[in-house]
Protein chains: 2
Amino acid sequence: MGKAVSKKGEQPSVDKTNFETLNGFTGYHLKRATNLMMSDLNATLKPFELRLLSYTALVLIVDNPRIRMSQLAAAMDVERPNMVVIVDALEGRELISRQRLETDRRAYALNITLAGRSLYEKATVAVRGHEERLTRQLDAQTRDKVIEAMKLILKIGGVAHT
Amino acid sequence: MGKAVSKKGEQPSVDKTNFETLNGFTGYHLKRATNLMMSDLNATLKPFELRLLSYTALVLIVDNPRIRMSQLAAAMDVERPNMVVIVDALEGRELISRQRLETDRRAYALNITLAGRSLYEKATVAVRGHEERLTRQLDAQTRDKVIEAMKLILKIGGVAHT
DNA sequence: AATATTGGTTATCAATCATAACTAATTATC
DNA sequence: GATAATTAGTTATGATTGATAACCAATATT
């Protein structure tokens, strides 16, 4: 209403694009900010030869020693076949180790290696820097409110965990 | 810190997964909520045979009559070759029309058709319902705070527009 | 013991997204 | 005003991502 494009309403529409309707959608803003953050995150992780999913796997393995692959896949919301290639790559770089479980010889217990922990720590410093950089303008209270809002959305959507 | 996994720190780690580190990242929560919203949005648009990008294109064409394809691609942050297939599909369904510009005969002016506007209106009602459903738990003030926060993040990242 | 289920794997396929190269039209340069 | 450079749209293609089907071995179920 009362926007710049006014004046009759049927001229070329070059230069300024009108985002009126899209701007009314919360999801639009969420998606754009998230795209930016994911893109910056991947750039942040590139020096460590990690990507969103491989880094997330590292984090979860550090926080959950001896986690099984299927549990990791569920936690990351990734199909098992895709989990295999992520784990293969991390194991190939000797950042994590697979260990057969004695209690269930189908499954592997995943553990972080020394090299893996070292990379995890360096990468996490970088990721915290990335977060700090991109959310610097938000005061702590706003940031917490945002996180709470995201949790509410997830709860409504019936996504469990946390 | 004082979490459930405690006790020595090297047992199976089945059942409960520890998301401690990930939970500390704003980007993690943003991405999860956004994934949920995009998934629900696509489900919402399916009955109209629209997807995120085709719906966004419709919206921008409605809000910007006679917009050119390249401007639309820039506004949507989509590569031009990919824009072509989106526009082709919409034109194939006669939801939009291509019109050669007299002033620049390389370019097309995109316009919504009657059928396109009708579908746009129905789809937008559904999308508003989807937004309402997923953000119902957020009071208006919180929702606005979230949107402002997203805009701040985008500003830091150097993303223009709006 | 026979059957079903689960953890992990392989192969494969669909969808998404980006890149290179082209034509036609316009703009810039000399 | 001819030549070169750029722009709008297109085509073809390739890389990457994510999902599905089918399989083996081990465990759980009946």
Side-chain angles (χ1 to χ4, degrees), chain A residues 12-15 17 31 34-36 38-39 41-43 45-46 49-57 61 64 66-92 96-111, chain B residues 12-15 17 31-32 34-36 38-39 41-43 45-46 49-57 61 64 66-92 96-110:
Chain A
S13 178
V14 188
D15 43 79
T17 302
K31 176 126 177 66
T34 301
N35 280 352
L36 173 67
M38 292 306 106
S39 153
L41 174 62
N42 276 315
L45 291 173
K46 193 164 328 170
E49 293 181 75
L50 291 171
R51 306 255 295 290
L52 170 61
L53 291 184
S54 47
Y55 174 69
T56 305
I61 291 168
N64 298 273
R66 298 180 62 70
I67 191 173
R68 286 177 288 102
M69 279 185 60
S70 56
Q71 190 185 350
L72 182 59
M76 291 176 59
D77 207 10
V78 156
E79 296 301 318
R80 270 106 68 204
N82 298 328
M83 194 75 253
V84 172
V85 318
I86 296 168
V87 166
D88 276 355
L90 292 175
E91 193 195 26
I96 65 172
S97 68
R98 274 175 169 104
Q99 250 182 5
R100 277 288 179 201
L101 282 188
E102 329 69 37
T103 58
D104 184 344
R105 298 213 313 276
R106 292 169 300 183
Y108 289 110
L110 303 181
N111 273 296
Chain B
S13 179
V14 187
D15 42 80
T17 302
K31 176 123 177 66
R32 284 182 11 112
T34 301
N35 280 351
L36 173 68
M38 291 308 107
S39 153
L41 174 63
N42 275 316
L45 291 172
K46 193 163 324 165
E49 292 180 77
L50 291 171
R51 307 257 291 291
L52 170 61
L53 291 183
S54 47
Y55 174 70
T56 306
I61 291 168
N64 299 272
R66 296 181 63 71
I67 192 174
R68 286 177 290 101
M69 277 185 61
S70 55
Q71 189 185 349
L72 183 58
M76 290 177 59
D77 207 11
V78 156
E79 296 301 319
R80 270 103 69 202
N82 298 327
M83 194 77 253
V84 173
V85 318
I86 296 168
V87 167
D88 276 356
L90 292 175
E91 195 196 25
I96 65 172
S97 68
R98 274 174 169 107
Q99 248 181 4
R100 277 289 178 201
L101 282 187
E102 328 71 39
T103 59
D104 183 344
R105 298 214 311 277
R106 292 169 300 184
Y108 290 112
L110 303 181

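In what follows, every chain begins at residue 1, and chains take the letters A, B, ... in the order their sequences are listed.
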Could you list all N or O pairs between the protein and nucleotides 22-27 of chain C that sit under 3.5 Å apart?
from    : atom 1 : to        : atom 2 : distance (Å)
dT26(C) : OP1    : Arg105(B) : N      : 2.8

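- Residues passing the side chain to side chain donor-acceptor pair (under 3.5 Å) test with Asn82(B): none are found, sequence neighbours excluded.
- In this structure, Arg100(A) forms a cation-pi arrangement with Tyr108(A), its terminal cationic atom sitting closer than 6.0 Å to the ring centre and no more than 45° off the ring axis.
- Contact between Ile86(A) and Ser54(A) at its shortest, heavy atoms only, is CG2-CA, 4.0 Å.
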Would you mind writing out the side-chain donor-acceptor pairs for residues 72-80 of chain A within the sub-3.5 Å range, not counting sequence neighbours?
none

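- Residue Ile67(B) contributes atom CD1, which lies 14 Å from atom C1' of dA8(D) at whole-angstrom precision.
- Atom CD of Gln99(B) and atom C1' of dA8(D) are 16 Å apart (whole Å).
- Put simply, CG on Asn42(B) is 12 Å from C1' on dA15(C), counting in whole angstrom units.
- Among the heavy atoms of the strands lying under 4.0 Å from Leu53(A) are primed sugar atoms or P, OP1, OP2 only; no base atom is included.
- Protein atom NZ of Lys46(B) is 12 Å distant from nucleotide atom P of dA15(C), rounded to whole Å.
- For the side-chain contact (heavy atoms from CB on, under 4.5 Å) test, residues two or more places apart in sequence or in another chain that qualify with Glu91(B) are Ile96(B), Arg98(B).
- Met38(A) has its CE atom 13 Å from the P atom of dG18(D), to the nearest Å.
- Looking at residues two or more places apart in sequence or on another chain, you find a side-chain contact (heavy atoms from CB on, under 4.5 Å) between Ala109(A) and Arg66(A), Gln99(A), Leu101(A).
- Straight-line distance from the CG atom of Leu72(A) to the C1' atom of dT9(C): 16 Å, rounded to whole Å.
- Taking atom CG on Asp77(A) and atom C1' on dG18(D), their separation rounds to 12 Å, with Å as the unit.
- Note: OH (Tyr108(A)) to C1' (dA26(D)) measures 12 Å, nearest angstrom.
- Residues from residues 79-88 of chain B placing a heavy atom under 4.0 Å of any atom in DNA chain D, listed by number, are Arg80(B), Pro81(B), Val84(B).
- Ser39(A) is linked by a side-chain contact (heavy atoms from CB on, under 4.5 Å) to nothing, counting only residues two or more places apart in sequence or in another chain.
- Thr34(A) is linked by a side chain to side chain donor-acceptor pair (under 3.5 Å) to Thr34(B), counting only residues two or more places apart in sequence or in another chain.
- Heavy atoms of Arg100(B) sit nowhere under 4.0 angstrom from any nucleic acid atom.
- Residues forming a side chain to side chain donor-acceptor pair (under 3.5 Å) with Arg105(B) (at least two apart in sequence, or on another chain): none.
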